[in-house]
Each structure stands twice: as structure tokens, then as C-alpha cells.
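The sequence lines fix the lettering, A, B, ..., with proteins before strands; numbering per chain opens at 1.
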Amino acid sequence: MTEGTQSQSIALSAHNLHVRRGRGKNAFSLGVDHLDLHAGEVLVILGPNGAGKSTLLRALAGLERSVAKDVIRGGDGPVTLVFQRPAALSGSAETNVRAALLGKGIPEEVKRQRVTRALDRFDIQALASHDARTLSGGELRRLALARAFVLEPEVLLLDEPFDDLDAEGQRILSLDLQQAIEDTNVAVAMVTHDLRRALLLADRIAVLAPGKLAQHGLRDEVLLRPNTRDIARTVGMTNLASGRVCRQADGVSWIQIETGFEVPTTVGLNQDQKAWIGIRPEHLKLDVGRGDGESIGKAVVESLISDGLATVATLRVHDRRFTTHLLSGRGLARRLRPGDSVSLAVRPDQVHALPT
Amino acid sequence: MSDPELQTLVEITLRTLWVCGSALLLALLGGVPIGILLGSSQFMSRGLLVSSVNAGMGAPPVVVGLIGSILLARSGPLGSWNLLYTPYAMIITSTAIALPLVIGLTLAAVGSLDDEWELQVRTLGIPRHWRVWLLIREIRMGLLAAVIAALGGILSEVGAVNMVGGNIAGETRVLTTAIMMHTSMGEYEIAMSQATILFGNLLLLAGLLTWLQQSGRKR
Amino acid sequence: MLVLRRTLANTAFITFTLAALLTLPSGAADKRSMILATTTSVRDSGLLDALLPQFTEATGIRVRVIAVGTGAALRMGREGNADLLLTHAPASEQVLADEGIVSRRTPFMENFFVIAGPAKDPAKISAAISPEDAIRRIDAAGAGWVSRSDDSGTHKREKALFHAAGLDPEADRDRLVRTGTGMGLSLQVAGERRHYILSDIGTFLAFHKRVGLEVLSKPGPSLRNIYSILQLDSSRFERPLHTSEAEELERFLLTKKTQRAIGAFGLDKFGRTLFTPLYLADDAPASPVSK
């Protein structure tokens, strides 16, 4: 992830992108008013299945047939798309990567250098002479990325690049990809359903609702300030509830969800206004008297599920469920048991709210 | 076998080779591009064309021969070309018989590729003629199958080639028509030696092509 | 491996080119040629292979022999797809002559048909007094009969014989086999089934050892097989025929030398001659006349 993203140049700017597929009942259409891809930045495209994420990528790649669009390019470098299921040409891995440079008038010496560098980026030099069809899923993904990067693209579109990889594979690929992006300053748009991976890589986020672009902006903007509850769920703000502003003090509005359960927020609201609140799991704290935030009410631990790194604690408040993340193996995660009663706390500036 | 008989045998064999070779070449030069085109594009009347190809594959060669002899006869629409009873008519007819086969098998080979193969190659920014080369490279095993099938069909064609060639000694007699003629005359010994040569050629060529096919697999 | 492939490719290319060069028909434009349509039994006898090379050497005219069924040969004449016809189906030939398609019909050689059958001769036709009588005996005895049923010269003669015997050739008989194919194959079928069959002498001689049948008929006028040269009227056709070449061939076939050769033909191959020339008698006209 790069910092100071505002001043990066725009590699691709799409306006009025309209894609129509199929006919009649099965017709699918996607409309995007405006979307920019910035050099050296990763735009992660999120959304429910069928919303049109892959279609959007393909439209940006120029592969969709019925597209009405204005696309302004910042430069004239290549735009390439790595598919969800990359196709391997018959031949060795090296042949595959070389193939990308066919017919471009590149001298042999330069080709060789670029191919070596591309293989190197994704750590598959050892596989260079292996038959591409014998590669494992993970190796094939690396090959596809090497093939994309050998083009020295200006815009790189990735469709589920981490599909089929185990956690470790994903981690390493993610690192290599980040390094490559940094080295080449390529503008990246990525579709992934793996939220965690997405959040680690994203500089910007675009959220699609069926057929349209619902929200886009800088990572934190979208993560912390989703415009609708659907978008909130898509970006992982899973603790949602609605209520009414019951009191206000010191620039903080308290929204009563239920009796004994009031959530403070710094978002500007009016007294008695109906609003819904959203809290990211990592911002929902268990009150242990450390002054982590304002107390908002009590909950009962329903379940604790650990994946080795983080423990997801599901908490019950009457008939609502909230989730929070705890560090596995430490303190609270070790002491808590299902059925325990806990106190919840949040920082008002970490609570998102929107009038209903 | 006497000297003139041997000479005739050699002459007939050579003619068989060049007539069949030419027909194979033409069928491939015409059929492979058409097969690739049909296989990789989507357009309205595609289904109709593919059905025609399939029908053509099953069309009895003797029917093609009949149509050819009617068209090319002096009294026929193409009579002014004076092609009937020449090796060229035989080449044309054999090509017509083998063409649907080559198109059909090429089409199948293209169809066996991943749906998105073409798109993926396109997205690498590879120019068109290189993409075609990559495609051919990708389906080369299927193409080899088409070559073997077409060659077998062309070499063993007898009825149609007899009709449009006339089996004229020294001009349009090939191994298959000669075998048929000698058999009907009861000259089985000559027919057998010709049949042996024909079969030998077929085995040799089929063997070569199969060797090519298998060695291509290992790579 | 690559070297081997390249060598193979080169070999294939050289063989191909060589084959083409050696067998490519020479420039036909300046050489004279003509199409002679005849029947498969004429071709099968080998007579033309014996006679035509001398003709080509003497005149430089290339004769392209197309041997098909009688019906097809006559049809070729009807449509102007041949320059000269050599057939042996007098009745059908006359039809073409009456229509004016054939401008001149010249019978030039003959041989005869035979009724062949199993040596045992169950219908006892060797005692028949005529070919028609033989047919009647076969019918009466309910013996097997193989018919070519292909409108060939032989088949037409077969039908004529049946009619002359007072029988319907088309009627379904118990042991009647219709092959719809050539003489050789039909003889083989007759041999397998031990049936009787009508055949021309030339093909019979070529096959008789193999099929185990014997000639059981005696020669008679109704078994005469007359071969004629049919000259076509070129003016009837859109594309002109090679009439001068056709006339030269006809003249050649009627010369004393050729006629003598025709009469001698067959001795080495069959131990007996196959044809009787019709133009050999001293009082035979020296040049063709219309009949």
C-alpha cells in the first residue's frame, strides 16, 4: 500500500460505462458513472455475487462487446487482465511468459531480460522449463501474474487472484504482488471475495450493487463510512443496528438501540432522529476498565471461534448478535467462555451512523 | 512382373501420390482456416454452417463423384473447362470429399479449447496473426488427427475418382481405380500387387504421422 | 529429432514434386486427343490396349478410353460427352441413329454370347436345339439363373432371348438372381450358386477356370454379339466434338491390317481368338459407308 495517494497520476479514467449482456429475461446490465484507476494503487472491487464485478473488469479490459464508454487513458502502456482461471498455453512456463511478448518488435536480448525478471518477481524461475499444464493451481496463478507483468503494463486487472490458494500461499503471493506493484507503479483493479486479503492490499475500494457502482473512494473512507447498510455488510462492518437519538452531549450523539444499550457517535445527528449505526468488529471492544471507549451496554458471549491468529467472539445482546475480534491466545481470548457476561465499549469516533 | 508392367505400376503409384497429395494439401489449406473461423466466432448463421459441415462429413463420396461428373462433363455447366477425365478433376473431387472432414475436425479441435482461451490471449495484447499462430499451435494435435483422417479418406477413394477421372491408362489411372478394374477383369494377381503398394503407402504415411503425433505429445 | 523431421519433410517434398513432374499430363493444348466411350467388357478383353498404341504412334492422336456400362456409354454419346462410341447393343444403337445423334453406325467386329452353366447341366440345355430352346428348358426345369439386370449389351440380349422364347424376362422366378453389376462379378455369383448365365465370350474366358462353369449353348444367330463404331453428329452439340480425330480412328479400325489384328487377338491370352472381324473380306468396302 502506498501513502500519500492523492498525488498519484490517473492511469485510466472511465466515464459512463454501460455494459449490457444477454437478452430478454437473462439480460444483465451494469452502469458505472465514473471510476478512476491511479498509478501504483490497488483498487479493490467488492460486491455480492452477480453484481457485475468480473464484468466490470472485463469492460475495463475492453473485452465486453456491448459497451458504451468513455475511457481516457493516462498513457499508452498495455492494459491486461488476469483471468480467474488462467489459461496455460501448451509449452513450458517460460514459453507462456514469452508468448506475451510476441509480435511487439522487441529485440531478443530485451525479451530474455524481461522474461527472467517477470519469472523472478513471482519466484517461478525454477519452473521455467516445466510444462505449464503440469503446474499446480498456485503455480499457475504465479505464472499468469508473471505473464501479465512481463508486458510492463500500465493497468493491471486481476480477477480473484487468490482463488484456490491456501493461507500461506496467499500471503506470499500477496507480498510478491505488492512488491511488483511498487516496483512498476502499475495501476491495479482487483476483484476478490476474500475481504481480509482485500483490506490488506487496498488503497481504494469500489463497492458494486447489482448493476451499478454503489460507492467508491479511499480505503478508509469506504471502510469506515459506508453509505448504506448493504455496503456496510459488504465491507465488513457487520455490527449494525438501528435506533433513535436519545441524548446528545459534547458533540456526541447517543443512539438508543434498546433499553440499556446506547451507542455514542460523533456523526452529526439531531435529537430524536432515527438512525442506524455500524461498528466494525475490530472497533467493538470488551470493556475491561482500560478506558477503551464509552461503555454501551452488556452482552453475553455466545461463541468463540479462533483461526489461529484471531478469535471471533460472537456476542448476544437480547436478540441481536455482534461480533468482535480478539487476539488469539492472549488475555481475554483465553479467559472468556461462552455464557460469560461482558461489557461492550466503543470509541464514538469509530462508530458510523446514518439517518434512516 | 515384366518391365513394362513394373513401369506401369510405378507410374500409377506416382500419380496416386501426387493426386492424393495435392488433394490433401488443398483440403488442409482450405479447411483449416475455415474450421478455425467457424470454431472461434459467433454469428447468426453459424449453426447452419456447422450443420452443413457435419452433413458434408457424412456425405457419400460417390455422390460427390456423381455431381462432379455431371458438372464437369462437356455437356455440363463447367464443360468449357475441359476438366473431366483429367487428374485435375480427380484432385478437385477428392478435395471436395476431404474438405468437410478437415473443417469438422478442426472445428472440434478449436472447440476443445477453453471458452476464454481466445480472450485471454487477446488480453495479452498479442497481434492477430500471432494469435492465429498460437491457436494453431495449441490445436496441433487435433489438426494432426484431421490430416491422418483426410489422408486415409483420400487415398482410399475409388468410386468418385473413377467417375471423374475415367481410369484412363497413362492419364488418370491411380492405384484404387486400377485395383477395381483388374478385379473386375479377374486379374487378381495384378490387383493384389497394387493393393499391397497402396496399403504399404497408407501404413507408411499413417505410421509417420502417428509418430509425429506421439512425439508431439511427450513434449 | 528436429533434423529427422526436416529430412522427412524434404523427402516428402521431393517425392511429391517428382511424382507430379513424371505423371503430369503433357500440355494437352497442342496435342490431338479424343474421347472414346466404350463398354467395360470391351476394355476388359484387352483389345484396345493392343490396338490403340499403334494408332497413337501413327497419327499422334491420344485416345482417352472411358469404359463404362453400355447405358452410360450411349448416354455419353447422346450428350456429346464422347467423340466416338464403340458399343455392342444394336437395338439401342439404332435408336440413336434414328434420332440422328449417331450419324454413321459401322459394325466392325463380332463375337458371340454363350449360355454357361454347371457341368452337371440339370436343365439339360446341351441338348437344346437353339438358345431360345435352352432358355425354355431352364425355365421349365426351374433351374437357377443369374441376370446382370443392368441394361448392358449382354442384359439387352438376354431380354431379347427370353422374349423370343416366349417368356417374360422381368417376371419373378424362384431362383432368379439379379446382380445389377458387371459380367465378371455376375459370373462369380453364378459359379457360387451353380446357376446358368448369359455371358460374352471374352469375359467368360477370363473367368471360367475360377468359376467352374461350362459353355453349354451352341452358337446361333441370336447369340451373335456385334460391335459397332458410332460416329456422332457434332453439329447437334454446343461444344464441338473432335470429329476429325474420331474419323481417323474409325478409318484405322477398319483397315485390313487392324482387322487382321482383331481377328488374331486373344491367342496368347486365352488360347483362342476372341473376335471375328467384319471388314476383312476382300469385297469389304475400303472406307466406311453408312448403313
Side-chain angles (χ1 to χ4, degrees), chain A residues 21-22 54-55 57-66 76-92 95-106 114-115 118 129-134 140 143-159, chain B residues 32-33 35-47 105-148 209-219:
Chain A
R21 253 202 196 169
S54 292
T55 308
L57 274 191
R58 292 155 82 107
L60 290 172
L63 294 177
E64 287 290 328
R65 233 181 283 136
S66 58
D76 53 5
V79 174
T80 187
L81 169 63
V82 177
F83 284 63
Q84 192 167 359
R85 288 187 331 264
L89 298 171
S90 61
S92 68
T95 307
N96 268 264
V97 176
R98 255 179 175 267
L101 299 177
L102 280 173
K104 295 180 178 145
I106 300 171
R114 279 167 72 160
V115 167
S129 52
H130 287 218
D131 186 344
R133 285 170 294 195
T134 63
L140 190 57
L143 175 60
L145 283 168
R147 195 167 58 188
F149 271 91
V150 83
L151 291 171
E152 288 173 6
E154 212 171 76
V155 176
L156 178 64
L157 306 163
L158 304 171
D159 198 345
Chain B
V32 170
I36 290 181
L37 217 75
L38 271 184
S40 20
S41 37
Q42 289 289 358
F43 52 90
M44 287 274 266
S45 34
R46 182 180 183 270
L105 288 176
T106 306
L107 217 140
V110 173
S112 70
L113 286 180
D114 200 359
D115 279 344
E116 300 192 322
W117 188 93
E118 206 267 325
L119 287 180
Q120 298 214 32
V121 173
R122 203 160 7 129
T123 199
L124 293 174
I126 301 174
R128 172 172 246 150
H129 57 279
W130 280 110
R131 294 209 302 266
V132 173
W133 180 79
L134 281 177
L135 176 63
I136 292 181
R137 192 173 154 273
E138 205 69 18
I139 60 174
R140 64 182 182 271
M141 287 301 126
L143 285 186
L144 203 52
V147 172
I148 294 178
L209 289 171
T210 309
W211 171 76
L212 266 178
Q213 188 184 50
Q214 297 311 318
S215 67
R217 276 253 198 88
K218 285 187 217 130
R219 281 211 280 118

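Arg147(A) touches chain B through backbone and side chain together, each having a heavy atom under 4.5 Å away. Arg137(B) touches chain A through backbone and side chain together, each having a heavy atom under 4.5 Å away. For a residue to count as touching a neighbouring chain, one of its non-hydrogen atoms must lie under 4.5 Å from one of that chain's; by this rule Leu102(A) touches chain B with backbone and side chain alike. In this structure, no portion of Thr134(A) lies under 4.5 Å from any heavy atom of chain B. Proximity to chain A (any heavy atom under 4.5 Å) is restricted, for Leu134(B), to the side chain, taken from C-beta onward.
Contact record, Arg58(A) with Leu119(B): NH2-CD1, 3.4 Å, taken as the closest heavy-atom pair. When all heavy atoms are compared, the tightest approach of Pro127(B) to Gly103(A) is CG-O, 3.5 Å.
Within the 4.5 Å cutoff, no side-chain heavy atoms of Leu63(A) are placed close to those of Glu116(B). A 4.5 Å side-chain heavy-atom check between Ser90(A) and Met141(B) finds every atom pair outside the cut-off.
Listed options Leu113(B), Leu124(B), Ile126(B) were ranked by heavy-atom pairs under 4.5 angstrom with chain A; first place goes to Leu124(B). Considering only heavy-atom pairs separated by less than 4.5 Å from chain B, the leading option among Leu157(A), Leu151(A), Leu101(A), Leu89(A) is Leu89(A).
The contact list for residues 79-88 of chain A toward chain B, using heavy atoms and a distance under 4.5 Å, reads Val79(A), Thr80(A), Leu81(A), Phe83(A), Arg85(A), Pro86(A), Ala87(A), Ala88(A) by residue number.
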